[in-house]
Trainee: 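Quick one: the structure is below, and I'll ask about it shortly.
Numbers restart at 1 for each chain; the letters A, B, ... are given by sequence-line order, proteins then strands.
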Amino acid sequence: MPTTRICPYPGLRPFTEEESIFFKGRDLHIRQIVKLLEENKMAFITGASGDGKSSMVYAGVIPYIRAGFFKAKYNSWLIADFKPKKNPLESLAISMSKQINEDSDRCIKVLRQGFSALVDLYKNSEFYVTDGDDISNRGKNLLIIADQFEEVFTNSENFNQGIPSNESYTAINLLLETIRISITEKLPIYVIFTMRSDFISQCTVFKNLPEYIAYSQFFVPQLKRTEIRQIIEEPATMAGGKISSRLCEVIINNLNSGFDQLPVLQHALNLLWKVADNGAVEMDLIHLAKIAGISSEVLSPEDKGEFDRWYNNLPDYQLKFYEKPDLNNVLNAHAGILYESAYDYFMHNSDWAEKTITPEESKEIIEITFKSLTKVDNNRPVRNRCTLSEITGIINKDHITNATVCGVINIFRTPENSLIKPFSVPGQTETQYLSGDTVLDVTHEALIRNWKMLSEWDNEEVADMKDYYDFNSQMQLWIVNDKNPSYLLNSGNYTYFNQWFNRSNPNPYLFVKYDNTKLPQRQKLKNAQYKYENYVDFLEASFDYIQAKAKAVKRRITWIISGLVFFIMTLLYVTYWAMDEKSNAEQQKIFAEAQQKYAKEQQKVAENQRLAAETANEIAKQQRDTARFLAERALEAKTESDKARYVAELMRREAVSMRLKAEENFKYAEDQRLIAEGDRTKLQEQIRLTEEEKQKSAKLYDMAIANMLAMKAKNQYEDKKLNLRLVLTAYKLNERSENNQNSAELYDAMLFALEQNGFIQPMKTTNSKIIKFAVDTNDQIICLTNDAQIFGYKLVSGKTKETLKITKYQNSKQLIESAYLVDAENIVYSTIDKNTYYLNVTSQERVKLPSQNDFVKSASITTDKRYLVVAYQQGKVQVLNFSNPDSHQVANVNLKTRLADVNCALNNSEVYILTTNGQLIKWNISKNSQKTIFAQKNMTASTMVTIPNKRQLAVCFANGNIQIVDTKTDTEVVNMLGGHSGLQNSIYDSQTALLAISSVDKRISLINTNNLQEKPLSIEEHSLNRSDILGMGFSSDKTLFVLTADNSIRYFDIKVDNYIQKIISLQLMPLSDQEWKLILGGNLFEQ
Amino acid sequence: MFLELLNQDIKVFLADVTSDMTNTRHNLSNVLQRAGIEVVVPNDKATADEIRRQIDACDCTIHLLGVLNFYNESGAGYDSSAGLQYRIARAIKKDGFKMFFWNPSGLVNSRNLYVNNIRRDIVENTIYSATTSEIVFVEELRTIMSVKPKPVTDLGAADIYFIYNDLDKETAGEILSMLSDLQTVKGLSINMSFATEYNDIISGQLSQCKIGVVYYDYAEDWAVSFARQIWKDNGGRGSVVPLFLAANKNHAQEKELNVLKGIMEYSISDKSVIPLDIKIFYDKVTTKN
């Protein structure tokens, strides 16, 4: 039997059709619904929120009828299920189109006609079969499910102010007519509605709908104790788990009846299963205690001990959720723990999101997310689907992106938690990192009612929204009255609403949430933006107005106080003056009386004095008036001066403010200038880079075309000049693209083109069989024939000139078996009778070397010309006095293995010996000691060559490997591939630093030792008459001579330029458009 | 159907209680009788044997839990008649017999910690209720005791119960014939045009067989859903009669059967091999048992 345990409790989400096997407790009700369908063609299922209507249909009715426990016309079923959402007609059409394989746009168009349109769509589909032998196999019954039918009433797009939209009306007309027609015509079409019962009264707005409901309503009964027990116990048993009877009884007794009974139960069971090691152990009271569903005091002493140990290891932030354990607390605790641990989860997951938020911001994101996913409808918090972008918009912080929000709330979307839809799938990043337009939804409204924190948030939002509506109505008055200041907020209201604004931090996305119009989302957002700007304006205008009013009052008070002070001062002055006058008058009176008395005594004098006194008095009066007048003017001047000073102060302040503003503006302008400067520099840099890229791209293109032309130049054409023209064009393109004009492709193509045109011809040499050759410092080619003749040739203006002929050692009977030209002067060869000779070309002297009874393999001379070292094929190496080689041997060694090559080291006393079995041995002649430099056991060595200027030795192997050894340290410098396998001969040219290596496949690679990464030039077999290569030599004018088995010596310029000059001198026509087209193909030519 | 269940005769033994629960017991007795339930009340002078006989004649017992401890570990403590009757009831082994505990206060405090012990001792036939209402308690009791009779199909026992859709009757007939040579087989053809309570028939017959087999060839739309429903109706992994789905390779595809993984075994074979597949499954199941 299978051993994998599937969790049989889905938690807050509804059962899927696949999970139907664990949907228990409703068997009787399912049968009753099916019976209704059989008899009436429809079932209108109503019930309270959270009583499992959808699960009953998807996990109960559908599997039941698919299993064949339903008497219907056909064996199979089409299930067209839909939720009305914001357009019931469209939702129905999309669902139908998927079932009957019809285009959804066409479906919508047809269904808009109402009445029989839905039936006609079905009857015209391939699934309605009326005749034929296999009716029951091809035909399919149709079941239409309008799930969460209350959305017709809850979405303002469908139902606004008691009036249904046309789409809603049409959709319901279609469904009711479909039922009527399928009853009349006995069609296998059935319709199920599910709807919350609190919306039943609103159904009366749709004609005939109440009658149909009365005809087939099924009110979901409250579950009985036995059924709840089935829900708890049976899925566990069916999934291979077990739940203890005592736990079952505790759950049943602690479960609240009414709202959210089932979601709370399913959620708790889901957690219990997981806590009980995914059903591996029997679910018991201790597990309920671990999910904060029961007090640990109820547990047996053993379980209590285990629980306490577990509890003590919990992080501190989780402990508060265990303070009031209860079954109805489980969901609250679960959501609360996720809320607390979301930040850590985010930081350890979500690699795709930037992690720049704080733990507090993580909590803020969760709060706003859940506030956004819920809204208050008729004072009831209900779910409110919205997109990730909308939530990010409401959060409204620059550094919080969709990715951040998604990463933070992902803990609520994992399959283990599943509190927010859509759920993520482990390992599938696309289900974790959602796009901004993904619609999020709380899995069940039970979460809203049971998560205390969320309830509090919702209450806060209810209060905030009440303020919002009040504020909005105040603002609307202001707007409709042309923003008349008298409709602005007064000081008290301003303070209140300003606090609300700062606290709730509203933004356009939040207003969209409460926009119940039928407008498209984009338009709603635009309106909200406009509204938001108005709100800000309204608040600012109110603030300014209140400030202005306060200033006016202050100014008035100042004026009143100033006037009052002035009045008092004037009054005091006048009083003082009057008193003074009075005092003066009294003094005058006394004085007059004295005068009178004195006048009586001196009448005449007195009369005169009186007159004088009266005159003086008059003058004094005039002076007083003048003084008073002057005092008044002075006072007026002082007032004017104060005013002027006040105005001046105001102007000064304004000037300061303007200066500050100007400075700010200047700074801003300077910043902008710097930014612009930066941008301009960036732009210039960008232009330069783009230009470079463009040039690079053009060069690459030229190179590609050049390579293609080079390839084409290797084809056989009727007009052989075409090969040359192609090569020349490729060369020019390479030149233009600054590519290496000496490229391997071009070189090979050039040789081919030149051969085709007869420009490469072998030298005319002797008819005798040349077996070896070498080039001397005068570019003379010294050839040794198999009958021991020696010829010298020189190339003069492309023609071969014989410069030397030595025939005195010619011997046709004892032909040469093997020979080695140390250079153009020193030759060592063995005849078939195994006699070995040394021959000096300059002196034309020949001596016989001490016999070794073997054939020479290789020879070398020390740089001090002291020793001649001769290696023999079977392993012997002899060292002879170079000046007198036929005398006794200076030293010898027998390695007893076949030798490949021998080479003298630069210090004159050491010899490198290469054996064919891959060993490189250094033999010290004076000490007669050997040292193995390396031993490549599984490789066959063929030849080696000295690179004197670098003090290196290149060892070639038959498998194509070239191992370069530093002779100073005897260590390997590089190990590379020579381009071909079966390496045979090698030669190095110090002038060009080229290493020429021939291989058994009749090709030569020219490796640039100064740049080993460079692709080597290659002389292909077609240039060598497809003959084996016997030897190679470089001349001083950078020409490579090659001796091939067809007894020819060919020569090649190793630079393209030399050949190109030759081709240019032919003055060939450039390629015509037609030839370009023909060679490159039409499209490429156009480019 | 629902009403028929409620009309069943139920006989309860209303056990003695501690002194604090006397009135509650009296009220409960009245409500039980109003609900049409026969109440048996123990006689004060009845011996333990007599009480055992009385309880054995009832469908269930009711024990009321109050503040006072109605039993103690030694069995000789305070209010021992309630404790004695509880222990006698626990020893009753009878199909369908149940013990109801009612704790109307719903409280567990330091004086009645024994309620916790009772809750911890709850076994399969024990029901604990903390509802405050007698009516709710009695309604629950009546529902729990109204057991739906198990359907019985009188086809007789067989090794294999072979079920197929009428669409596949031709190949199913051949397989049935071959299978009959190996084991005893009862077959059932499902015809969806007939209004028959197939699930009752199947449940009844399945209990008389050792394995159930669902076979299909053309009826691929039907078979998987059908097999799952049968699996569900008959106890899932807890069932003693395992199910096997045999698919004719003519139409079956592995991916369609993926939903059965973890639920039941299946095979996709040529019709000639299907009897062997079934036989192998049968041998595996019966050997294990």
Trainee: If you count every heavy atom of other residues, nucleotides or ligands that lies below 6.0 Å from A:Ile183 atom CD1, does the total exceed 12?
Mentor: yes

Trainee: First locate atom SG of A:Cys248, then atom CD of B:Glu124, and finally report the distance between them rounded to the nearest 0.5 Å.
Mentor: 10.0 Å

Trainee: Hey, are the side chains of B:Arg228 and A:Ser20 touching, using non-hydrogen atoms and a 4.5 Å cut-off?
Mentor: yes

Trainee: Mind checking salt bridge (charged side-chain N to carboxylate O under 4.0 Å, His left out) for A:Arg26 and listing every partner two or more places apart, or none if nothing turns up?
Mentor: none

Trainee: Side chain, backbone, both or neither: which part of A:Arg246 has a non-hydrogen atom closer than 4.5 Å to chain B?
Mentor: both

Trainee: Would one find more than 12 heavy atoms of other residues, nucleotides or ligands at under 6.0 Å from atom NZ of A:Lys242?
Mentor: no

Trainee: Looking only at heavy atoms, what is the nearest atom pair of A:Thr226 and B:Ile144, with distance?
Mentor: CG2-CA, 3.3 Å

Trainee: Are more than 12 heavy atoms from other residues, nucleotides or ligands located less than 6.0 Å from atom NZ of B:Lys94?
Mentor: yes

Trainee: Relative to chain B, which of A:Leu299, A:Ile252, A:Asp27 shows the most heavy atom pairs under 4.5 Å?
Mentor: A:Leu299

Trainee: With a 4.5 Å heavy-atom cut-off, do B:Thr126 and A:Ser245 have their side chains touching?
Mentor: no

Trainee: Closest heavy-atom contact between A:Ala67 and B:Ser225?
Mentor: CB-O, 3.7 Å

Trainee: Shorter than 4.5 Å, heavy atoms on both sides: which option in B:Ala130, B:Ser129, B:Ala227 has the most such pairs with chain A?
Mentor: B:Ser129

Trainee: In terms of heavy-atom pairs under 4.5 Å, which option from B:Ile230, B:Val123, B:Val224 contacts chain A the most?
Mentor: B:Val123

Trainee: Relative to chain B, which segment of A:Gln230 carries a heavy atom at a distance below 4.5 Å: side chain, backbone, both, or neither?
Mentor: neither

Trainee: Carefully, step by step, assess A:Phe69 and B:Asp233 under the rule side chain to side chain contact (heavy atoms under 4.5 Å, CB included).
Mentor: CA-CA 12 Å; A:Phe69 300 145; B:Asp233 289 346; 4.2 Å; yes

Trainee: Provide the closest heavy-atom pair for A:Lys224 versus B:Thr143 in the form atom of the first, atom of the second, distance.
Mentor: CD-CG2, 3.2 Å

Trainee: Where on B:Asn234 is there a heavy atom nearer than 4.5 Å to chain A: the side chain, the backbone, both, or neither?
Mentor: neither

Trainee: First locate atom CD1 of A:Ile30, then atom CD of B:Gln229, and finally report the distance between them rounded to the nearest 0.5 Å.
Mentor: 7.0 Å

Trainee: Counting only heavy atoms not in A:Gln428 (residues, nucleotides, ligands), do more than 12 fall under 6.0 Å from its CD?
Mentor: yes

Trainee: Would you please name every residue forming a ring-ring contact (aromatic ring centres under 6.0 Å, His included) with A:Phe23, sequence neighbours left out?
Mentor: A:Phe15

Trainee: Where does A:Glu297 contact chain B at under 4.5 Å (heavy atoms): side chain, backbone, both or neither?
Mentor: backbone

Trainee: Any side-chain heavy atom of B:Trp231 within less than 4.5 Å of one from A:Met238?
Mentor: yes

Trainee: Could you tell me whether the side chain of B:Ile127 reaches within less than 4.5 Å of the side chain of A:Arg225, counting heavy atoms only?
Mentor: yes

Trainee: Relative to chain B, which segment of A:Leu285 carries a heavy atom at a distance below 4.5 Å: side chain, backbone, both, or neither?
Mentor: side chain

Trainee: What part of A:Glu18 gets closer than 4.5 Å to chain B, counting heavy atoms only: side chain, backbone, both or neither?
Mentor: both

Trainee: Do B:Asp221 and A:Asn75 have a side chain donor and acceptor closer than 3.5 Å?
Mentor: no

Trainee: Under a 4.5 Å heavy-atom cut-off, does chain B meet the side chain of A:Asp284, its backbone, both or neither?
Mentor: neither

